[in-house]
Amino acid sequence: MNIPNIISFSRIILSVILLFLMNSVTLFLILFFIAGITDVADGYIARKFKMVTALGARIDSVADIFFHIVLLLLLFLNYRWVFTENAALFVAILVIKFLSIIVSKMKFCKIIFLHTLANKLTGFLVFVAVPTVMLVENNSFLPALLYIALLTALEELLILIKEKEVNENRKSLFIK
């Protein structure tokens, strides 16, 4: 385990802790922002100090998924209106993500999560959306965010279908 992997793994631990902090908005947001910083720091440190490994990319992807699942669960349990008003988009995104998992497993014999520019943008937008929903209870931007997430999921699925060999760090469907 190198430092970037430990940083990625800490995001999983922070995610679990977040499950118990919804009643303390300030503490929740502090740990939420720390978890977000770990998402940026792990990759930056790995690249800067030439510590990039396949294991590190895997841990980062698992930590990202775990973090987002925890956030979805917390939003669902505490801000149900977010889901009820946008249910069709949430279902469409989840179905496409599930199809991507199936395609990657069947085609490449492993589950692959791509680090495309769109995935990074969507992750950032989700990161901004959570405190906005919690502090302002404003959802006017959520449909736009969900449409971006839908297009991002579609792009990932198309890349996985189209490519014979997969590059997990592919920039986009249009840029290799």
Side-chain angles (χ1 to χ4, degrees), residues 8-40 42-43 58-106 111-161 168 170 172-174:
S8 295
F9 189 71
S10 72
R11 190 161 55 259
I12 295 171
I13 294 167
L14 288 168
S15 298
V16 171
I17 295 170
L18 288 174
L19 285 170
F20 302 99
L21 294 179
M22 279 306 290
N23 293 330
S24 175
V25 174
T26 303
L27 189 54
F28 177 92
L29 289 175
I30 290 169
L31 290 181
F32 172 79
F33 284 114
I34 292 170
I37 291 167
T38 67
D39 191 20
V40 175
D42 57 3
R58 266 296 183 237
I59 294 171
D60 180 54
S61 291
V62 169
D64 288 345
I65 291 163
F66 200 85
F67 185 59
H68 285 101
I69 288 171
V70 166
L71 293 179
L72 283 172
L73 176 64
L74 290 172
L75 284 174
F76 180 74
L77 294 174
N78 296 284
Y79 301 93
R80 202 159 294 202
W81 55 267
V82 170
F83 292 92
T84 55
E85 294 178 7
N86 302 287
L89 286 170
F90 276 108
V91 169
I93 293 164
L94 290 173
V95 166
I96 293 167
K97 286 293 200 178
F98 185 69
L99 288 173
S100 291
I101 289 170
I102 292 170
V103 167
S104 68
K105 185 69 174 162
M106 290 175 62
I111 297 173
I112 296 169
F113 300 103
L114 302 179
H115 299 133
T116 64
L117 294 172
N119 271 328
K120 290 178 183 187
L121 171 65
T122 302
F124 174 75
L125 292 174
V126 167
F127 188 72
V128 170
V130 170
T132 303
V133 167
M134 289 178 72
L135 296 173
V136 185
E137 292 201 16
N138 178 354
N139 71 336
S140 60
F141 62 92
L142 283 175
L145 168 60
L146 292 171
Y147 280 113
I148 291 168
L150 180 66
L151 292 173
T152 298
L154 280 171
E155 178 190 46
E156 184 171 43
L157 178 59
L158 289 173
I159 290 170
L160 291 169
I161 290 170
E168 292 181 38
R170 177 154 179 179
S172 81
L173 185 60
F174 310 104

Candidate pair His115 and Asp60, rule side chain to side chain contact (heavy atoms under 4.5 Å, CB included), full reasoning: CA-CA 10 Å; His115 299 133; Asp60 180 54; 3.8 Å; yes
Shortest non-hydrogen contact from [X] toward [Y]:
| X | Y | value |
| --- | --- | --- |
| Ala63 | Ser8 | CB-O, 3.3 Å |
| Ala149 | Thr122 | CB-CG2, 3.7 Å |
| Ser100 | Leu160 | O-CD1, 3.6 Å |
| Ser104 | Ile111 | OG-CA, 3.4 Å |

Donor-acceptor contact below 3.5 Å, side chain Glu156 vs main chain Leu114: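 Yes; at least one donor-acceptor contact below 3.5 Å.
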Any donor-acceptor N/O pair, Arg170 side chain to Leu173 backbone, under 3.5 Å: yes
Flag if over 12 foreign heavy atoms under 6.0 Å of CZ, Phe127: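 Atom CZ in Phe127 is packed in, count exceeds 12.
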More than 12 heavy atoms from other groups under 6.0 Å of CZ on Phe33: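 Counting neighbours around CZ of Phe33, more than 12 heavy atoms of other residues, nucleotides or ligands fall under 6.0 Å, so yes.
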Pairwise side-chain contact, Glu168 with Phe113, heavy-atom cut-off 4.5 Å (strictly under):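 Side chain of Glu168 against side chain of Phe113, heavy atoms only: no contact under 4.5 Å found.
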pair Leu89-Leu142: side-chain heavy atoms closer than 4.5 Å: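 No, too far: nothing below the 4.5 Å cut-off.
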Polar contact flag, side-chain donor to acceptor under 3.5 angstrom, Ser10-Thr38: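 Result is no, nothing qualifies.
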Exercise: do Ser15 and His68 side chains pair donor with acceptor under 3.5 Å: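 Note: Ser15 and His68 side chains miss the donor-acceptor criterion.
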Verdict with supporting geometry, Phe32 and Leu71, side chain to side chain contact (heavy atoms under 4.5 Å, CB included): CA-CA 9 Å; Phe32 172 79; Leu71 293 179; 3.7 Å; yes
Side chain to side chain contact (heavy atoms under 4.5 Å, CB included) between Leu121 and Thr116, intermediate numbers included: CA-CA 9 Å; Leu121 171 65; Thr116 64; over 6 Å; no
Side chain to side chain contact (heavy atoms under 4.5 Å, CB included) between Asp39 and Phe67, worked out: CA-CA 10 Å; Asp39 191 20; Phe67 185 59; over 6 Å; no
Lys NZ or Arg CZ of Arg80 over Phe76 ring: under 6.0 Å, within 45°: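 Yes, a cation-pi geometry.
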